[in-house]
Amino acid sequence: IRSDSDNAATAPQNDASERWNCSNAADHESPAFALTSAAGVWTGSKPRSSSLGRPAIAEAILDAENAAKRREILGRRSAAISADCRKALDTCESEAVATYVRFAHAALDAFDARHDAAAQALTGSLIDSLVNAYFGTDRHKYTPNKGVTSPDAYEELTIREFIALAPMWQTYQQFRVSNGDRIPMTFNRHATAHTVSPRQFNRRNAIQGLLFAVGFIYFLDERAQTTT
């Protein structure tokens, strides 16, 4: 992971996040993946509001003994996570992310109204729009496909980019109905777009996707504000 003179200090700073490890943050089974999923909402080193987010939730996710426990926390604390996502979005004021913010709020509205499947479906489309906008045709270097079977390209990212974008590797794990692939239990953009099943569409996956989407938006807004 490349350091960035403007953003090198943006790696997670609280005590729990000292265990953050770049080498496995793209693995959804690792606590590092959970932390990078939440980093844009909870652990940025330049918070725009003293009340932004709850690092204690990120710490609890890190302290959980396995992936099942981490997902249990996502479900149990989903209302607080949703509120933190709204706080993060409320600080995003650049024109570059205005449309994304509007649709993220719509997804959160659906989530808070307990329309989890609708929230997750919209979040999947939102994430794909964000990925295409940021990477363009280079997106295929950072998502699993026949020619890309490991997240080596993530080593090219700056620390701040990595924190915001590492969850993309797991989010885009390959899933093809035509191949008879088992529907994944964790949030997966392809399964969200191409199948309907309670294994994929559920409250935990909806909030996991929203964390990634909102962290991505927050990151893009930071970039827009620092370049204007």
Side-chain angles (χ1 to χ4, degrees), residues 1-14 17 25 35-55 57-58 80-112 119-143 153-154 156-169 171-172 187 189 206-228:
I1 308 301
R2 295 187 297 111
S3 64
D4 183 318
S5 58
D6 294 325
N7 297 311
T10 56
Q13 299 293 312
N14 60 35
S17 62
L35 181 58
T36 53
S37 296
V41 178
W42 287 321
T43 57
S45 68
K46 303 179 200 174
R48 302 175 202 173
S49 166
S50 60
S51 63
L52 182 60
R54 297 171 174 84
I57 299 178
I81 295 169
S82 175
D84 286 352
C85 285
R86 287 188 186 276
K87 288 183 180 180
L89 290 174
D90 286 345
T91 72
C92 297
E93 299 177 345
S94 67
E95 184 62 29
V97 299
T99 298
Y100 305 131
V101 168
R102 178 160 59 89
F103 280 94
H105 272 299
L108 287 167
D109 288 344
F111 184 83
D112 290 346
Q120 184 171 332
L122 179 53
T123 300
S125 293
L126 175 60
I127 288 172
D128 216 40
S129 296
L130 290 163
V131 169
N132 284 328
Y134 187 70
F135 288 105
T137 57
D138 283 343
R139 63 170 287 170
H140 298 294
K141 294 168 54 180
Y142 301 94
T143 55
Y154 286 73
E156 303 171 4
L157 303 178
T158 66
I159 291 173
R160 185 64 187 94
E161 285 178 314
F162 187 86
I163 291 173
L165 304 176
M168 183 169 62
W169 181 257
T171 296
Y172 279 87
F187 178 74
R189 182 268 164 191
I207 200 63
Q208 185 178 357
L210 278 162
L211 268 173
F212 177 37
V214 173
F216 203 150
I217 294 168
Y218 190 90
F219 164 71
L220 293 180
D221 185 67
E222 279 185 341
R223 287 175 60 91
Q225 292 195 33
T226 57
T227 56
T228 55

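As the structure is a computational prediction, the values presented were derived from the model and not from experiment. Count residues from 1 along the sequence.
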**Q** Any sub-3.5 Å donor-acceptor pair from Tyr134's side-chain atoms to Ser129's backbone N or O?
**A**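 Between the backbone of Ser129 and the side chain of Tyr134 there is no qualifying donor-acceptor contact (under 3.5 Å).
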**Q** With rounding to the nearest 0.5 Å, note down the distance linking CG in Asp112 to NE2 in His105.
**A**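 Between Asp112 CG and His105 NE2, I get 11.0 Å after rounding to 0.5 Å.
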**Q** Rounded to the nearest 0.5 Å, how far does CD of Glu222 lie from OG1 of Thr91?
**A**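 Here the rounded value is 8.5 Å.
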**Q** Could you tell me whether the side chain of Met168 reaches within less than 4.5 Å of the side chain of Arg139, counting heavy atoms only?
**A**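 Side chain of Arg139 against side chain of Met168, heavy atoms only: no contact under 4.5 Å found.
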**Q** Might you point out which heavy atoms bring Lys141 and Ala153 nearest each other, and give the distance in Å?
**A**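 Result for this residue pair: O-CB, 3.4 Å.
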**Q** Would you indicate whether the side-chain heavy atoms of Tyr172 and Ile127 approach each other to under 4.5 Å?
**A**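 Sidechains of Tyr172 and Ile127: in contact.
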**Q** Taking the side chain as every heavy atom from C-beta outward, state whether Phe219 and Ile163 have any pair of such atoms under 4.5 Å apart.
**A**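 They are not in side-chain contact.
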**Q** Side-chain contact, heavy-atom cut-off 4.5 Å: His140 with Phe135?
**A**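 Counting from C-beta outward, His140 and Phe135 never come under 4.5 Å.
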**Q** So, Asp221 side chain and Ile217 main chain: donor-acceptor pair closer than 3.5 Å or not?
**A**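 No, because the side chain of Asp221 does not come within donor-acceptor range (under 3.5 Å) of the backbone of Ile217.
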**Q** Just verifying a value: how many Å separate Tyr142 OH and Trp169 CH2, rounded to the nearest 0.5 Å?
**A**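 Between Tyr142 OH and Trp169 CH2, I get 11.5 Å after rounding to 0.5 Å.
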**Q** Any chance you could measure Arg189, atom CZ, to Thr123, atom OG1, to the nearest 0.5 Å?
**A**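 If I round to the nearest 0.5 Å, the distance is 12.5 Å.
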**Q** Looking at CD of Gln120 and CG of Leu126, how far apart are the two atoms once the value is rounded to the nearest 0.5 Å?
**A**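 Gln120 CD to Leu126 CG: 13.0 Å, rounded to 0.5 Å.
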**Q** Just by distance, do the side chain of Glu161 and the backbone of Thr158 share a donor-acceptor pair under 3.5 Å?
**A**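 Present.
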**Q** Over all heavy atoms of both residues, which pair between Ile207 and Ser82 is shortest? Give the atoms and the distance, please.
**A**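 Heavy atoms of Ile207 and Ser82 come nearest at CD1-N, 4.0 Å.
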**Q** What heavy-atom pair brings Leu122 and Ala106 nearest, and what distance separates the two atoms?
**A**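 Answer, listing the atom of Leu122 first, then Ala106: CD2-CB, 3.8 Å.
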**Q** Quick one: does Tyr218's side chain have a donor or acceptor within less than 3.5 Å of a partner on Leu89's backbone?
**A**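 Between the backbone of Leu89 and the side chain of Tyr218 there is no qualifying donor-acceptor contact (under 3.5 Å).
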**Q** Over all heavy atoms of both residues, which pair between Asp109 and Arg86 is shortest? Give the atoms and the distance, please.
**A**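 Heavy atoms only, the tightest pair is OD1-NH2, 2.7 Å.
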**Q** Is any side-chain heavy atom of Leu210 closer than 4.5 Å to a side-chain heavy atom of Phe111?
**A**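 Answer yes - side chains close enough.
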**Q** Quick check: do Leu165 and Phe216 have side-chain heavy atoms less than 4.5 Å from each other?
**A**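 Yes; the side chains approach each other to less than 4.5 Å.
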**Q** Roughly how far, to the nearest 0.5 Å, is CZ of Phe187 from CG of Leu211?
**A**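 Going from the CG atom of Leu211 to the CZ atom of Phe187 covers 11.0 Å.
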**Q** Using every non-hydrogen atom in the two residues, find where Ala133 and Tyr100 come nearest and quote the distance to one decimal.
**A**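 In this case the closest contact between Ala133 and Tyr100 is CB-OH, 3.1 Å.
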**Q** What pair of heavy atoms forms the shortest contact from Ala96 to Ala224, and how long is it?
**A**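 Distance-wise, the nearest heavy atoms are CB-CB, 4.0 Å.
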